[in-house]
J.: 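Would you mind keeping the following structure in view while I ask a few things?
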Amino acid sequence: VCTFNTVIKMYGRAGKHKEAMQVLHILRSAGFEPDVVTYTSLMQMFSNGENFKAAIGQFSEMQRVGCKPNVKTYSLAVNIYARAGLPSEAGRILRQMQEAGFVPNAVTWTSLVKAYSKQGMVEDACSCFAEMQRCGCTPDVQTYSLAVDIYRRAGRPSDAEQTLRRMQEAGFTPDAVTWSFLVMAYSKQGMAEKAGSCFEEMQKSGCKPEGPLLNAVMTAYVQAALPTHAATLFRRMQCKGVVPNRACFNTLIYAFSKNGQFEDAKALRLQMIEAGFKPN
RNA sequence: CUAAGGACCCAUCG
């Protein structure tokens, strides 16, 4: 079964749903029964393909045939409902999991926090984050990052920052993703100076500024009508060896165009191509 | 090392 599961996983990663399902049939005709890993792999495959109905279909099917989901399976089911924008269903799965005698872990809770925050349900997301801790589950970097994201979505940058500070007090080091949520929280409110100081603090703390984060800071400057700051930062970071990604180029080309700097925009487009990115 | 959670762009859909 392990062998078949591996093959299913590989087809799943390649997005080859039909082939994966064919392997499932071969598995059965070879006299084996799919196990919890088989079903979880299939759920993951459909979830990655954004076919949430099929993903949950596998979850139901396994239970129908008496294959018991485990913590990973339940966590994935919560995440599927989170991504599908169905937070109450996600919460239902977590309760169902507890009733079945399983203890939700950081992965499970993080998915549920995301389910609520994605739908803009700030209060529910926050109480979920609190309940997780009441249940004795310690949030990790990813959970804290999503907690910061709750306030970013809600347009509350100071609460976002407070969450990041609490995370540090709890002994965790914010990573590039955590910082990017905070930067975007400030960016959304036009608070470009705040975004810039986050960027500096982040670098001092030893976190490497990767493309997405650089883009978040540049976007903050552009939003605040400071395209020149964005351009300066872009060049300075390039000299420092930070590799800009496609998003950085797009942001800066947009900034130049909006500012009437068409020659700069055109030059950057060429530079973008040289860097191996195709303009769309 | 058979399966689960977080950011930007791209893609997709509206």
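Per chain, numbering begins at 1; letters A, B, ... match sequence-line order. What you see is a predicted model; the values in this text were computed from it and never measured.
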J.: Could you check A/Tyr81 against A/Ile93 for side chain to side chain contact (heavy atoms under 4.5 Å, CB included), going step by step and ending with a plain yes or no?
T.: CA-CA 9 Å; A/Tyr81 279 124; A/Ile93 299 291; 3.7 Å; yes

J.: Any donor-acceptor pair under 3.5 Å linking the side-chain atoms of A/Asn5 with those of A/Ser41?
T.: no

J.: For A/Glu169 and A/Arg165, what are the C-alpha separation, side-chain angles and deciding distance, and is it a salt bridge (charged side-chain N to carboxylate O under 4.0 Å, His left out)?
T.: CA-CA 6 Å; A/Glu169 284 160 20; A/Arg165 299 302 171 203; over 6 Å; no

J.: Will you find, in the side chains of A/Thr143 and A/Thr110, an N or O donor that is under 3.5 Å from an N or O acceptor?
T.: yes

J.: Counting heavy atoms from C-beta on, name the nucleotide in B/rA3, B/rG5, B/rA7 closest to the side chain of A/Asp140.
T.: B/rG5

J.: In terms of relative ring orientation, are A/Phe249 and A/Phe277 parallel, tilted or perpendicular, with 30° and 60° separating the classes?
T.: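 Judged by the thresholds at 30° and 60°, the geometry between A/Phe249 and A/Phe277 is tilted.
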
J.: Could you check whether atom CZ of A/Phe172 has more than 12 heavy atoms from other residues, nucleotides or ligands sitting under 6.0 Å from it?
T.: yes

J.: So, for A/Ser145 and A/Phe181, which heavy atoms are closest and what is the spacing to 0.1 Å?
T.: O-CD1, 3.2 Å

J.: Could you measure between the two C1' atoms, the one in B/rA4 and the one in B/rC8, and give it in whole Å?
T.: 24 Å

J.: Over all strands shown, is A/Lys278 touching base, sugar-phosphate only, or nothing at heavy-atom distances under 4.0 angstrom?
T.: nothing

J.: Expected output is a numbered-order residue list: members of residues 73-88 of chain A with a heavy atom under 4.0 Å from any atom of RNA chain B. What is it?
T.: A/Ser75, A/Leu76, A/Asn79

J.: B/rU2 C1' sits how many Å from A/Asn5 CG, rounded?
T.: 5 Å

J.: Of all the choices, B/rU2, B/rG6, B/rG5, which nucleotide is nearest to the side chain of A/Cys2 once you look at every atom?
T.: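 Closest nucleotide to the A/Cys2 side chain: B/rU2.
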
J.: Can you give the donor-acceptor pairs under 3.5 Å from side chains of residues 112-129 of chain A to other protein atoms, not counting sequence neighbours?
T.:
| unit_1 | atom_1 | unit_2 | atom_2 | d |
| --- | --- | --- | --- | --- |
| A/Lys118 | NZ | A/Arg83 | O | 3.3 |
| A/Ser127 | OG | A/Glu123 | O | 2.9 |
| A/Ser127 | OG | A/Asp124 | O | 3.2 |

J.: In residues 33-49 of chain A, which residues come under 4.0 Å of RNA chain B by heavy atom?
T.: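 Heavy-atom contacts with RNA chain B come from A/Val37, A/Thr40, A/Ser41, A/Gln44.
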
J.: If you look at every strand shown and take non-hydrogen atoms under 4.0 Å, does A/Thr143 touch a base, only sugar-phosphate, or nothing?
T.: base

J.: Between A/Lys68 (NZ) and B/rA4 (P), how many Å, whole number?
T.: 23 Å

J.: Output the rounded distance in Å from CZ (A/Arg246) to P (B/rA7).
T.: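 Distance, rounded to whole Å: 18 Å.
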
J.: Would you say A/Lys114 places a side-chain N or O within less than 4.0 Å of OP1 or OP2 belonging to B/rG6?
T.: yes

J.: Rounded to the Å, how far apart are A/Leu164 CG and B/rG6 C1'?
T.: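 Going from A/Leu164 (CG) to B/rG6 (C1'), I get 14 Å.
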
J.: Taking N and O atoms by type only, does the side chain of A/Asn245 place a donor or acceptor under 3.5 Å from a partner on the base of B/rC8?
T.: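 Side chain to base: pair found, below 3.5 Å.
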
J.: Base, sugar-phosphate, or nothing for A/Asn250, non-hydrogen atoms under 4.0 angstrom?
T.: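 Answer is sugar-phosphate: A/Asn250 comes under 4.0 Å of backbone atoms only.
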
J.: So, the side chain of A/Ser47 versus the backbone of A/Met43: is there a donor-acceptor pair under 3.5 Å, distance only?
T.: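 No, the answer is negative, given that no donor and acceptor are paired below the 3.5 Å cut-off.
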
J.: Within this structure, what is the CD1-to-P distance between A/Ile93 and B/rG5, rounded to whole angstrom?
T.: 16 Å

J.: Under 3.5 Å, is there any donor-acceptor pair linking the side chain of A/Asp175 to the base of B/rG6?
T.: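 Answer yes: a donor N or O sits under 3.5 Å from an acceptor.
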
J.: I'd like to know if the side chain of A/Ser111 and the backbone of A/Val107 have a donor-acceptor N/O pair within less than 3.5 Å.
T.: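 Here the side-chain-to-backbone pair exists.
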
J.: Any donor-acceptor pair under 3.5 Å between the side chain of A/Ser145 and the base of B/rG6?
T.: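 Under the 3.5 Å cut-off, the side chain and the base do form a donor-acceptor pair.
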
J.: Side-chain donor-acceptor pair under 3.5 Å between A/Gln162 and A/Tyr151, yes or no?
T.: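 Judged by distance alone, the side chains do not pair up.
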
J.: Please state how far atom NZ in A/Lys9 lies from atom P in B/rA4, giving the value in whole angstrom units.
T.: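 The answer, rounded to whole Å, is 8 Å.
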
J.: Taking the P atom in each of B/rU2 and B/rG6, what is the distance between them to the nearest angstrom?
T.: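 So the two P atoms sit 22 Å from each other.
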
J.: Figure out the CZ/C1' separation between A/Phe4 and B/rA3, and round it to whole Å.
T.: 17 Å

J.: Answer yes or no: are there more than 12 heavy-atom neighbours, outside A/Arg166 itself, under 6.0 Å from its atom CZ?
T.: no

J.: Is a donor-acceptor pair below 3.5 Å formed from side chain A/Asp149 to base B/rA7, judging by atom type as modelled?
T.: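 Counting by modelled atom types and ignoring angles, no donor-acceptor contact under 3.5 Å is found here.
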
J.: Would you say the side-chain atoms of A/Arg28 pair up with the backbone N or O of A/Pro34, donor to acceptor, closer than 3.5 Å?
T.: no

J.: In whole Å, what separates the C1' atom of B/rA7 from that of B/rA3?
T.: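 Between the two C1' atoms, the distance is 24 Å.
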
J.: Enumerate all atom pairs, one protein N or O and one N or O from nucleotides 11-14 of chain B, separated by less than 3.5 Å.
T.:
| unit_1 | atom_1 | unit_2 | atom_2 | d |
| --- | --- | --- | --- | --- |
| B/rA11 | OP1 | A/Asn280 | ND2 | 3.4 |

J.: Return the residues of residues 191-221 of chain A meeting this criterion: a heavy atom under 4.0 Å from some atom of RNA chain B. Order them by number, or give none.
T.: A/Pro212, A/Asn215

J.: Run the side chain to side chain contact (heavy atoms under 4.5 Å, CB included) test against A/Pro227 and tell me which residues pass, sequence neighbours left out.
T.: A/Ala255, A/Asn259

J.: Round to a whole Å and report the spacing from CG of A/Asn105 to P of B/rA3.
T.: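 Interatomic distance, CG of A/Asn105 to P of B/rA3: 16 Å.
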
J.: Angle between ring planes, A/Phe102 versus A/Tyr74, binned at 30° and 60°: parallel, tilted or perpendicular?
T.: tilted

